[in-house]
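Values below: every heavy atom of this structure, side chains too, minus hydrogens, waters and symmetry copies. Only a predicted model underlies this, so the values are computations on that prediction, with no experimental measurement involved. Ligands are counted one by one from 1 in listed order, and the atoms in each one are counted from 1 as well. Counting begins at 1 with the first residue of the sequence.
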Amino acid sequence: MAFQSPYLASVYEQVEKRNPGEKEFLQAVREVLESLELVVAKEPEFEANGVIERLVEPERQIQFRVSWVDDNGKVQVNRGYRVQFNSAIGPYKGGLRLHPSVNASVIKFLGFEQIFKNSLTGLPIGGGKGGSDFDPKGKSDGEVMRFCQSFMTELSKHIGADTDVPAGDIGVGAREIGYLFGQYKRLRNEFTGVLTGKGLTYGGSLARTEATGYGLCYFTEEMLSCMKKESFRGKRVVISGSGNVAIYANQKATELGGKVVAMSDSGGYVYDENGIDLAVVKQLKEVERARISEYVKRVPTATYTPGCKGIWTVPCDIALPCATQNELDEEGAKALVANGVIAVAEGANMPSTPEAVAVFRQNGVLFGPAKAANAGGVATSALEMSQNSMRYGWTFAEVDAKLKDIMVNIFHNAYDAAEKYGDAGNLVAGANIAGFEKVARAMIAQGIAY
Ligand code: NDP
Ligand code: 2IT
């Protein structure tokens, strides 16, 4: 689709020129710019202040070598990244991803999305992201520790509790955050809230582990209730992935009365008509770091199918993609629609391809985009920062109540913004616009320094 606004067309052309071949980054930028057509037409101050061309260029981008020694004494070299994308409304904030597919394009798409997501939370956090092409799979704890220490030795020069606060993402959970935090503290000799997702004994927030999955379900419940007078009760749910987001999405969807019948990992998916036994998944994934295929050995009524895309052919009312970018394509979307799906909400970042999103739209499927639907994780990270600043901690119930409130507000802000700009029900446009407006106004107020 060509841009109608010459301003947006020229900004996008420049982004393509400056970032050749970075397909994930270009995909994320294009989607946001498409949502802003009506905004830039209505409010010329954004163009007059060069807001969009500034927004698409990271404020700072760091790439570094990460050398470490494996268990056989061999030197390994990985590539580390931190993209500090936008600090208009707060310190850079966003996760670290450890996965062999990580490259500059992936980190930039994630950092770009984080700007709008973080703005939507209503909390004072800017956008950033980082990670490495290090593959934690099959590595010993010692190898992961040595990698994390080497990674943090460089990263520590660029972050800080009031500068940039990383957290987890794919491949980074409590174990990795612990090693990273320990190394930061040793290098700087200071105990500060420089990372979130910390362990509960050293400054972590209750409910951060659960927050992204729970938040996704709070958002979905509100979307179902407002837009379709529906709820999770009695619905069949399919959740891709079986990591942090997927596990706690399962837990909350089940608590709200849904039945989760399928989950996956990068190898394939399991289908269990009785409802996935989450205790088994947690044991496999959180304790043993095993493959989801093992599930059928422990639950003989279930079946395992290799290949992860087939999960979208499992009939369901609600689909929650919680694995990775572009995991749900046009074919998957068509299969979901053919089986009568009523709502799709994204726990992962950009899991649906643009073609898949178009299929949902054309068929009246409720669609909760990642920036809005999975913002509960980073929102609770911001609550962890608040608790660290106060040197105080809230109860699980207090954090959970704030999270729920935030997710309900995000839904309504996105819904209202879509309506205001004449695209009622389009939460993709609504989330992008609502997230954009606050950041854009802050950038204008602060002058052309960045
Ligand atoms: P985890 O590392 O805990 O789990 C990731 C899951 O996704 C695993 O089941 C993994 O399978 C699967 N997966 C990863 N890469 C691929 C791939 N290329 N193809 C198929 N499956 C894949 O990560 P999280 O649960 O934390 O993250 C999942 C998604 O949610 C990501 O998109 C992340 O950016 C997003 N997110 C995470 C937040 C958080 O707080 N953790 C907050 C907001 C969004 P396998 O083990 O086989 O690799
Ligand atoms: O994509 C995301 O929002 C995250 N991985 C969570 C980031 C955070 O800072 O908690």
Side-chain angles (χ1 to χ4, degrees), residues 24 90-102 106-107 109-118 120-121 123 125-131 135-138 164-177 193-198 204-205 207-216 219 239-250 263-270 281-282 284-286 289-293 307-311 320-328 346-352 370-385:
E24 294 86 1
Y92 309 106
K93 181 84 197 85
L96 296 171
R97 177 177 290 191
L98 298 183
H99 194 273
S101 63
V102 162
V106 168
I107 298 300
F109 115 67
L110 290 163
F112 184 69
E113 297 256 306
Q114 204 81 44
I115 304 169
F116 307 95
K117 182 196 304 195
N118 293 5
L120 281 169
T121 66
L123 300 167
I125 39 179
K129 199 85 186 190
D135 185 359
K137 277 202 196 84
D164 182 356
V165 182
D169 193 80
I170 291 177
V172 177
R175 175 182 62 172
E176 292 73 20
I177 293 293
V194 66
L195 291 159
T196 59
K198 298 185 292 299
S205 173
R208 175 62 189 90
T209 303
E210 295 83 356
T212 311
Y214 278 22
L216 172 66
F219 179 95
I239 301 180
S240 65
S242 47
N244 172 263
V245 180
I247 286 174
Y248 294 96
N250 179 326
M263 289 181 85
S264 63
D265 62 19
S266 60
Y269 71 92
V270 290
V281 175
K282 284 176 105 172
L284 288 173
K285 292 293 174 181
E286 293 184 339
R289 298 181 188 274
R291 307 305 302 158
I292 199 80
S293 55
C308 37
K309 293 212 165 160
I311 193 170
L320 304 175
C322 295
T324 195
Q325 64 271 6
N326 293 324
E327 56 164 315
L328 203 183
E346 298 184 318
N349 285 307
M350 206 168 76
S352 313
K371 289 184 197 79
N374 75 29
V378 76
T380 307
S381 278
L383 299 178
E384 183 171 329
M385 290 165 71

Residue, atom name and distance, where the atom is the protein heavy atom closest to [atom]:
{"atom": "atom 10 (O) of ligand 2", "value": "Ser381 OG, 2.6 Å"}
{"atom": "atom 7 (C) of ligand 2", "value": "Gly95 N, 3.5 Å"}
{"atom": "atom 4 (C) of ligand 2", "value": "Lys129 NZ, 3.7 Å"}

How far does [atom1] of [X] sit from [atom2] of [Y], to the nearest 0.5 angstrom?
{"X": "Asn349", "Y": "Ile170", "atom1": "CG", "atom2": "CD1", "value": "8.0 Å"}
{"X": "Thr196", "Y": "Glu384", "atom1": "OG1", "atom2": "CD", "value": "5.0 Å"}
{"X": "Arg291", "Y": "Ser266", "atom1": "CZ", "atom2": "OG", "value": "4.5 Å"}
{"X": "Leu320", "Y": "Leu328", "atom1": "CG", "atom2": "CG", "value": "11.0 Å"}
{"X": "Glu286", "Y": "Ile247", "atom1": "CD", "atom2": "CD1", "value": "4.0 Å"}
{"X": "Lys198", "Y": "Ile177", "atom1": "NZ", "atom2": "CD1", "value": "8.5 Å"}

With a cutoff of 4.0 Å, is [X] in contact with ligand 2, counting heavy atoms of the residue only?
{"X": "Ala375", "result": "no"}
{"X": "Glu113", "result": "no"}
{"X": "Arg208", "result": "yes"}

Under 4.0 Å from any heavy atom of [X], which atoms of ligand 2 are there?
{"X": "Lys93", "answer": "8 (C), 9 (O)"}
{"X": "Ala167", "answer": "8 (C), 9 (O), 10 (O)"}
{"X": "Gly168", "answer": "4 (C), 5 (N), 6 (C)"}
{"X": "Lys117", "answer": "1 (O), 2 (C), 3 (O)"}

* **Side chain, backbone, both or neither: Val165 near ligand 2, heavy atoms under 4.0 Å** =>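 Answer for Val165: neither.
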Is there side-chain contact between [X] and [Y], with heavy atoms separated by less than 4.5 Å?
{"X": "Cys308", "Y": "Glu327", "value": "no"}
{"X": "Met385", "Y": "Pro91", "value": "yes"}
{"X": "Ile292", "Y": "Lys285", "value": "yes"}

* Asked: For Ser242, does its backbone N or O pair with a side-chain atom of Asp265 as donor and acceptor, under 3.5 Å?
  ->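 Judged by distance alone, no pair lies under 3.5 Å.
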* To do: Please confirm whether the backbone N or O of Gly377 pairs with a side-chain atom of Arg208, one donor and one acceptor, at under 3.5 Å?
  =>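 Here the side-chain-to-backbone pair exists.
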* **Amino acids in close contact with ligand 1, where any non-hydrogen atom sits under 4.0 angstrom away** =>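 Around ligand 1, where the cutoff is 4.0 Å for heavy atoms, the contacting residues are Arg97, His99, Lys117, Lys137, Asp169, Ile170, Gly171, Arg208, Thr212, Gly241, Ser242, Gly243, Asn244, Val245, Ser264, Asp265, Ser266, Arg291, Cys308, Cys322, Ala323, Thr324, Gly347, Ala348, Asn349, Asn374.
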